[in-house]
Every structure is written in structure tokens, then in C-alpha cells.
> 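I have a structure I would like to understand better, so I am pasting it below and will then ask my questions one at a time.
What's counted below: heavy atoms across the whole structure, side chains too, no hydrogens, waters or symmetry copies. Here is how names work: the chains are called A, B, and so on, in the same order as the sequence lines, proteins then strands, and each is numbered from 1.
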Number of protein chains: 2
Amino acid sequence: MTKSAGEVKAPQKAPGNQPKTARGEATRKAILSAAERVIGAKGYNDASIGHITSEAGVAQGTFYIYFTTKEQVFSELVLEMGRLVRHTIAEATQGIEDRLEAEKAGLTAFLEFVCAHPDLYRIVQEALFVDPQAYQEYYQTFAAGYRAGLEAAQEAGQISKGDAETRAWALMGIGRTLGEQLVVFKSDKPISEIVASGYDLIANGIKP
Amino acid sequence: MTKSAGEVKAPQKAPGNQPKTARGEATRKAILSAAERVIGAKGYNDASIGHITSEAGVAQGTFYIYFTTKEQVFSELVLEMGRLVRHTIAEATQGIEDRLEAEKAGLTAFLEFVCAHPDLYRIVQEALFVDPQAYQEYYQTFAAGYRAGLEAAQEAGQISKGDAETRAWALMGIGRTLGEQLVVFKSDKPISEIVASGYDLIANGIKP
DNA sequence: ATTATACATGAATACTGGTTCATGTTTCAT
DNA sequence: ATGAAACATGAACCAGTATTCATGTATAAT
């Protein structure tokens, strides 16, 4: 993680108290993971510190060794979700040179991800109210990358010309709502079918 | 409940205690309207009954004359948002026989609506956690109507064939995210431009 | 006018749950 | 071994706030 001299402190992120032992590391992870499950299931407000710590198998006070506040765990989860999603999609589209194919692969990867992490999905949604800044960062970072990809594809003539910014948001919206259909509304439609229909829309639109 | 003969109770909706006087009616409306502003601005949990009633200019206890619980006002707001949005879009697309034109008009109307009612927009988002049932009803009702419209247009040959269900969700997603870009991320891009780009995507896709 | 009903008040109640803290226990360098 | 630092505990504190209630005031019918 980008060291320089003798410093071992985390570079950009210094949230709460970082553990300094393997034991501490494990405990912190356990709490974070429990928080993901509990907050994802019950929502931010109904998820009490007591719930989280008992799910993690530690005492209530232990929470405050690693996190300064309830909101902080939440923020960290949103951040993590952002990194994970971007990483997952980047990996899935790695090496695909045709943008349309990359769209298809990216959409598939995203839908599979949200199915595997329904809790994280809900947490990001709730961030709009609990931690608006984290929410904005999540979407703006995502949108920025998406937009850059679309612009490059335009240059390369792989897709038609158009406002990359608006397109990026619209395409995110497609993925988001289709993901929600799966996770929140518990549709049993297979991902491959959804992707096929979604991709057709993205590529060709609905004009006859 | 389920009365039979000479009952005059509200037909489908019987939330809390309905007022029986013009005065009561006015007070109830004032509270509902204040709730919309306060909850929209601060979010469900930070919006206390005290905040709402003082914004409405009534005493705290007055709240419970018309609403049985804090959650109930919230539900009612989500319901109202649903009716308003559907009504607004239906009106805007009234009499447009070409589906693609109707899409454009509907998207415009939706974006204008969310700009005019940013609070309601946020409230619906928060319903996912505060009142999941209301949230689901909101989207499923919307999706059902959307889907029916798309299917009819397919029959009429106005749009290409495709899975109307998935298309409905995807198109909702586009509107939703573009609306969010305006209201939450405070983009200053004019609606007409956004609609133009969005419509192009919906109609033609991004294939070169 | 009178009275029953609807409406309004705001202080009191009751309870939840985030955060702190004094007190142990474990780990690690020396 | 041994002391210091890291880690862990859970009971207690405290603030906020949804809801209730006893007590009024306005309204409409008789």
C-alpha cells in the first residue's frame, strides 16, 4: 500500500483506530462483517451497536476500539462496496476490446455481484440519507469511469456518438434497477435472460 | 372494518383518523405537507414529530389526532408520490399515439416532476428501509403500467419486439438515475438536453 | 343557550440505544 | 520473566423522542 519512509499509518484512510495486532485486525474485520450483515438486513437505524457486536461475538465496548461512531462503520461499508464493485466489473471486462461486448460482460458481472452481496446493495441505497457524501462519491466515481470508457469507445468508433455523461448515468440506471429487481423484488428470472434483454436495449434501443 | 350498509367510511384508504370538519381537514393537510418538507430534508429518522408539528404550526399532540404513528405519515407520502407521478406522466403522454414520442414526453414530464418535488423523490428512496411494502407497491405499480404500454406498442409495431418486463424496469432505471442526477447531484444541465440524449439511447441504443 | 362532539394543547411518560469508562486480560518486545 | 501497550469487557450514563393523557377550547346541531 504505497509506503514511503518509516511510516506505517494508512495513507489516505485513517478511520477510527487502526488495529496494531493480528488479533485486533481479526476483531475489526469481524465487526465490519457483522455490521454488513446486520445493517443490510435491518437497515441503519434498526441495527443497534448491540446487535452488531453480539453478531460479531464481542462486547459492546469493543466496537469503539475500532470505530469512533456508528456512522463510521457505515461509511466504511459504502467505501468497500464501491471498491468491490469497480474491481469486479473491471476484472470482468478485462481484455474485452469491443465496448458492446464489454457492456454485456459488465452488466452480467454487476448483476451477479449484487446477487452475491444483497446487503451491500441496500447499504449503498441507504447512504443517500445516512452519509450523503459517501453516496455521492460512490456514484460519481463510478460515473466518471463509465463516462471515460464510453468516450474512448466513441473515439474508436465502437459505439455511436452521443453525450457520454448522460449515457453513463442512464446505463448505470439500467444496471441499478435490474439489480434491484433481482435483489429487492426477488425476481427469479435468470441473469442471462435479463442481460440479454438489457443488452439488446442498450445496443439497439426499442425503435422498430 | 368491512362495513356493509349505510357506511360512509373512506373506501380503500382508512389511515389514521380522518377529519370530520373543514378545520380538521386543513390541519391534517398542514401536517402532511410539513412532514413532506421536513422528512424530505432531514430524512425519516432525524425528522422528529416535534419538528413536523412545529413546522406545521400545531402542538405535538395534534399529530396523533390524524395519524396513528410516525410511520403512517410516511406511508401516506409515498402513496401520494405514486399517485402524483403516475398522474403527471399519464397526463403528459395523453393523446400521443406514437410510443417513442410518448417515451420522450414521459421522460420530460418525469424529470420536471422530480425537479419540482425533490422531497418526494427522496422519500420514495427512503421507503425501501422505512416501509418496504410501500416501496414495492410504488415500483411494481409503475412497472406494471409501463410494461402494459410497451406490450401494446409492440403489438402495434411501434417498437421492436423484446421482453417488456425487463424493458420496463430498465427504462424506469434510466428515468430514475437521470432524475437523481438532477435532484441529488444538482446537475445544472437543462432537462431538454438530458431528455434528448436519454431518448436517443432509448430509441437507438449505442450501437454505431 | 346548551350540550355533545370534534379538535387542540403541551407536559409527562417510557423506552431505546449510542457512547463512555473503570476495570480486567492478552500480547509482545526486551 | 516483566512491564508496557494493545485489546476486551459490560455495566452505567445520558440524550433524544415517539407516544399518551388529562385538560382545555372551538364548532355545530338542537
> Need one value for B:T62: base, sugar-phosphate or nothing, where a base atom within 4.0 Å counts as base even if backbone is also close, heavy atoms only.
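Answer is base: heavy atoms of B:T62 come under 4.0 Å of a base.
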> With B:K70 as the cation and B:Y44 as the aromatic partner, state whether NZ or CZ is under 6.0 Å from the six-membered ring centre and within 45° of the axis.
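Judged by the rule, B:K70 and B:Y44 form a cation-pi pair.
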> Check whether any side-chain nitrogen or oxygen of B:T21 sits under 4.0 Å from OP1 or OP2 of C:dA6, and answer yes or no.
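Checking C:dA6 against B:T21, no side-chain N or O comes under 4.0 Å of OP1 or OP2.
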> Quick one: sort the B:Y139 and A:F185 rings into parallel, tilted or perpendicular, breaks at 30° and 60°.
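Taking A:F185 first and then B:Y139, their aromatic rings stand perpendicular (interplane angle over 60°).
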> Rounding to a whole Å, what distance do you find between B:I49:CD1 and C:dG10:P?
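One finds 16 Å between P of C:dG10 and CD1 of B:I49, rounded.
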> Check this one for me: any side-chain N or O of B:Y64 less than 4.0 Å away from OP1 or OP2 of C:dA8?
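So the side-chain polar atoms of B:Y64 never come under 4.0 Å of the phosphate oxygens OP1 or OP2 of C:dA8.
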> If I take atom CD1 in residue B:I31 and atom P in nucleotide C:dC7, what distance separates them, rounded to the nearest angstrom?
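Atom CD1 in B:I31 sits about 11 Å away from atom P in C:dC7.
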> In whole angstrom, what separates B:K20's NZ from C:dA4's P?
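So the NZ-P distance, B:K20 to C:dA4, works out to 17 Å.
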> Please determine if B:E91 and B:R86 form a salt bridge, counting it only when a charged side-chain N lies under 4.0 Å from a carboxylate O.
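Between B:R86 and B:E91 there is no salt bridge, as every charged N stays at least 4.0 Å from the carboxylate O atoms.
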> Rounded to the nearest Å, what distance is computed from the CZ atom of residue A:R23 to the C1' atom of nucleotide C:dT26?
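For the pair A:R23 CZ and C:dT26 C1', the rounded distance is 5 Å.
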> Just how far, in rounded Å, is P of C:dA8 from CZ of B:R28?
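Going from CZ in B:R28 over to P in C:dA8 covers 12 Å.
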> Taking B:R147 first and then B:E151, would you say they form a salt bridge - that is, a charged N and a carboxylate O separated by under 4.0 Å?
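Yes, charged N to carboxylate O under 4.0 Å.
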> Mind checking A:G61 for me? I need base, sugar-phosphate or nothing, with any heavy atom below 4.0 Å counting as a touch.
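Answer is base: heavy atoms of A:G61 come under 4.0 Å of a base.
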> Touch check for B:A22, heavy atoms < 4.0 angstrom, all strands: base, sugar-phosphate only, or nothing?
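Since no nucleic acid heavy atom lies under 4.0 Å of B:A22, the category is nothing.
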> Any Lys/Arg nitrogen of B:E55 or B:K42 sitting under 4.0 Å from an Asp/Glu carboxylate oxygen of the other?
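Looking at B:K42 together with B:E55, the answer is no, because their closest N to O distance does not fall below 4.0 Å.
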> In whole Å, what is the span from the CG atom of B:N45 to the P atom of C:dG18?
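After rounding, the reported distance stands at 11 Å.
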> For chain A and DNA chain D, what are the first and last nucleotides along the strand, 5' to 3', with at least one atom under 4.0 angstrom from a heavy atom of the protein chain?
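Boundary nucleotides touching chain A, in 5' to 3' order, are D:dA6 to D:dG10.
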> Answer yes or no: is there an ion pair linking B:E180 with B:R176, defined by an N-O contact shorter than 4.0 Å?
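Looking at B:R176 together with B:E180, the answer is no, because their closest N to O distance does not fall below 4.0 Å.
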> Between B:E71 and A:A59, which is nearer to the 5' end of DNA chain D once each is assigned its nearest nucleotide?
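Taking each residue's closest nucleotide, the earlier one in sequence belongs to A:A59.
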> Between C:dT16 atom C1' and B:K70 atom NZ, what is the distance in whole Å?
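Distance check: B:K70 NZ to C:dT16 C1' gives 13 Å.
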> Rounded to whole Å, how long is the line connecting atom CG of A:D46 with atom P of C:dT16?
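Answer to the nearest Å: 12 Å.
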> Identify whether the distance between the nearest side-chain nitrogen and carboxylate oxygen of B:R122 and B:E126 falls below 4.0 Å.
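Answer for the salt bridge query: no.
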